[in-house]
Every structure is written in C-alpha cells, then in structure tokens.
Amino acid sequence: MSDALTIQAIARLVPQGARVLDLGCGDGALLAHLQQHKGCTGYGVELDDANVHACVQRGVNVLQLNLDEGLSLFADQSFDVVLQIDTLQHLRNAETMLQETVRVGRVGIVAFPNFAHWFNRLSVLQGRMPVTKRLPYQWYDTPNIRVGTFADFGDLARKNHLQVVDAFGLQRGQEVRTLPNLMAGTAVYKLQRS
C-alpha cells in the first residue's frame with residue numbers, strides 16, 4: 001500500500017512527533033513520509049532483503065525480523081503508534097500479533113484488504129477469486145495466507161477487548177465511512193487497549 005493518497009490517509013491518524021513502529025514496513029515509504037512531514041521517529045520491521053535495502057536507501061531505521069516470532073524485543077508501551085499496514089493477512093499468528101501491537105504501542109493502526117468489497121463479492125459470485133489492485137495475485141500465488149473483512153475485524157477487536165478509536169474504509173485513497181464493509185477496498189482500524 002504505497003500510493004500517495006493512501007499514505008496520506010494513514011498518516012492523518014498518526015500524531016505529530018510520534019514515536020512509531022511500522023510492522024512489515026515494506027520499502028519504508030510510509031515511515032519516511034511520517035518522518036519528513038510529521039516529525040516522527042522510530043523503526044520499521046521488515047523481513048525481505050530488498051525492502052530492508054530500500055528502507056536504508058530512504059534513511060529509514062529498519063530491523064530485519066520475522067514478525068511470526070513476535071515482538072518480545074520491545075517493551076510495553078515503548079511506542080506511541082504501532083502500524084500494521086498490509087501485514088496482518090500475511091501472518092500466521094495474526095491474533096497474537098494484534099495483541100502485541102497494542103501491547104507495544106499506545107495505539108495500533110491496522111489496515112488490510114477488505115475481502116467483502118462489492119467487487120470481490122461479485123468475483124466470487126461469478127465463481128472466481130478476486131484479482132484487484134488491492135488483491136493483485138491469483139489464488140495460487142498469493143502471499144496472503146488469510147482474507148478478512150471490515151466487519152470480521154471489528155468482531156476480532158471486540159473478542160480481544162480492544163477499544164476501536166476509529167474505523168473506516170479506503171477506496172482509491174479516499175475515506176469511506178458509509179457502508180465501508182461493502183464500499184471500501186481497504187479496511188482501516190485505529191485501536192488501543194480497553
């Protein structure tokens with residue numbers, strides 16, 4: 001999720017000068033934007049060698065770690081914001097990592113492809129797995145090990161006793177607050193411990 005409008009939409013949720021941990025930071029574009037435009041500090045966490053190199057090239061502090069091994073390296077509430085942008089659907093321990101996100105950060109921001117978007121539903125009704133800008137892979141080569149919906153994630157947050165501070169969808173970088181489960185390609189949640 002690296003287009004400029006989406007980065008700006010996520011960045012609006014991060015306070016000026018926040019200490020940020022970006023889990024699965026990719027090439028570091030979001031963290032670089034937060035550093036440059038919001039005076040944020042912090043680290044990215046990434047596993048892929050090419051993305052780690054890209055982060056270093058951007059001047060983003062990055063740790064090469066496997067998120068499926070957890071966040072025991074970080075103390076409770078050691079960051080103002082922990083980001084999980086396009087990460088949750090790739091993790092084997094998604095529920096544990098969600099709990100770790102709000103343990104390590106005062107606030108967690110999670111964004112992921114919303115499988116319930118109307119176009120995805122139409123594809124399934126036609127007997128096909130969806131292939132879209134947000135879900136660009138065929139069913140047989142996708143890095144996503146799970147799919148979720150805006151509504152499903154709300155249930156998961158309640159189950160884990162997390163307070164939803166804000167929730168909305170994104171479609172082409174624009175916020176969708178009316179029927180986001182149907183109308184948004186991306187689900188966005190801002191969470192904290194209850």
Side-chain angles (χ1 to χ4, degrees), residues 1-15 20-26 29-30 33-34 67-68 81-139 142-194:
M1 188 184 310
S2 61
D3 68 69
L5 290 175
T6 301
I7 286 174
Q8 291 169 12
I10 299 296
R12 283 194 293 272
L13 299 172
V14 178
V20 176
L21 181 64
D22 188 354
L23 304 176
C25 66
L30 177 56
H33 177 88
L34 292 172
L67 291 174
D68 279 320
V81 178
V82 176
L83 301 171
Q84 264 198 70
I85 311 302
D86 270 356
T87 303
L88 195 64
Q89 71 272 15
H90 302 289
L91 299 174
R92 298 205 180 283
N93 59 355
E95 189 170 7
T96 300
M97 188 52 74
L98 180 60
Q99 294 164 351
E100 283 287 273
T101 294
V102 296
R103 177 189 67 79
V104 170
R106 290 177 181 82
V107 171
I109 299 172
V110 178
F112 57 91
N114 176 27
F115 200 77
H117 182 249
W118 70 267
F119 186 84
N120 298 338
R121 294 180 191 199
L122 180 60
S123 294
V124 172
L125 282 173
Q126 294 171 339
R128 299 287 185 183
M129 291 301 291
V131 177
T132 67
K133 184 177 178 184
R134 289 293 293 125
L135 296 166
Y137 302 96
Q138 294 292 330
W139 65 271
T142 182
N144 298 319
I145 61 173
R146 62 187 82 253
V147 294
T149 71
F150 185 91
D152 288 334
F153 190 86
D155 293 342
L156 180 63
R158 281 186 291 282
K159 175 184 175 225
N160 283 276
H161 309 289
L162 301 177
Q163 179 185 355
V164 175
V165 177
D166 196 5
F168 56 90
L170 286 175
Q171 185 64 26
R172 295 188 189 99
Q174 301 299 313
E175 287 187 15
V176 176
R177 293 193 178 267
T178 303
L179 300 173
N181 200 48
L182 181 65
M183 302 305 292
T186 300
V188 180
Y189 276 83
K190 185 174 184 179
L191 309 157
Q192 63 189 24
R193 285 182 172 176
S194 291

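Between atom OG of residue Ser123 and atom CG of residue Leu135 there is a gap of 9.5 Å, rounded to the nearest 0.5 Å. Note: His117 NE2 to Leu179 CG = 11.5 Å, rounded to the nearest 0.5 Å.
Using modelled atom types, one side-chain atom of Asn114 and one backbone atom of Pro180 make a donor-acceptor pair closer than 3.5 Å. Using modelled atom types, one side-chain atom of Asp68 and one backbone atom of Arg92 make a donor-acceptor pair closer than 3.5 Å. Remark: side-chain polar atoms of Thr87 are paired, donor with acceptor, to backbone N or O of Leu23 under 3.5 angstrom. Looking only at distances, no side-chain donor or acceptor of Thr142 sits under 3.5 Å from a matching main-chain atom of Gln138. Between the side chain of Arg121 and the main chain of Ala116, a donor-acceptor pair closer than 3.5 Å is present. Put simply, the side chain of His90 gets close to the backbone of Pro143: a donor and an acceptor are under 3.5 Å apart.
In this structure, Lys159 does not pair ionically with Asp152, as no charged nitrogen and carboxylate oxygen lie closer than 4.0 Å.
Side chains of Ile10 and Ile85 form a contact here, defined as non-hydrogen atoms less than 4.5 Å apart. Considering only heavy atoms from C-beta on, Gln84 comes within 4.5 Å of Leu91 through its side chain. Annotation: side chain of Leu30 is not in contact with side chain of Cys25 (no heavy-atom distance under 4.5 Å). The closest side-chain heavy-atom distance from Arg193 to His161 is not below 4.5 Å. Counting heavy atoms from C-beta outward, Asn120 and Thr132 have side chains that approach closer than 4.5 Å. Using a 4.5 Å cut-off on side-chain heavy atoms (C-beta onward), Leu170 and Thr6 make contact. Side-chain contact between Val107 and Val165 is absent, with no heavy-atom pair separated by less than 4.5 Å.
Residue-environment remark: CZ (Arg172) stays at or below the threshold of 12 foreign heavy atoms within 6.0 Å.
Of the residues Lys190, Arg177, Arg12, the one that meets the salt bridge (Lys or Arg N to Asp or Glu O under 4.0 Å) test with Asp166 is Arg177. Partner of Phe153 under the side-chain contact (heavy atoms from CB on, under 4.5 Å) criterion, chosen from Asn181, Val164, Leu98, Val188: Leu98.
No side-chain donor from either of Gln163 and Ser194 sits under 3.5 Å from a side-chain acceptor of the other.
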Next item on the list: Go through the steps for Phe150 and Tyr189 under the test ring pair (Phe, Tyr, Trp, His ring centres under 6.0 Å), then give the verdict.
Entry: CA-CA 9 Å; Phe150 185 91; Tyr189 276 83; 5.0 Å; yes

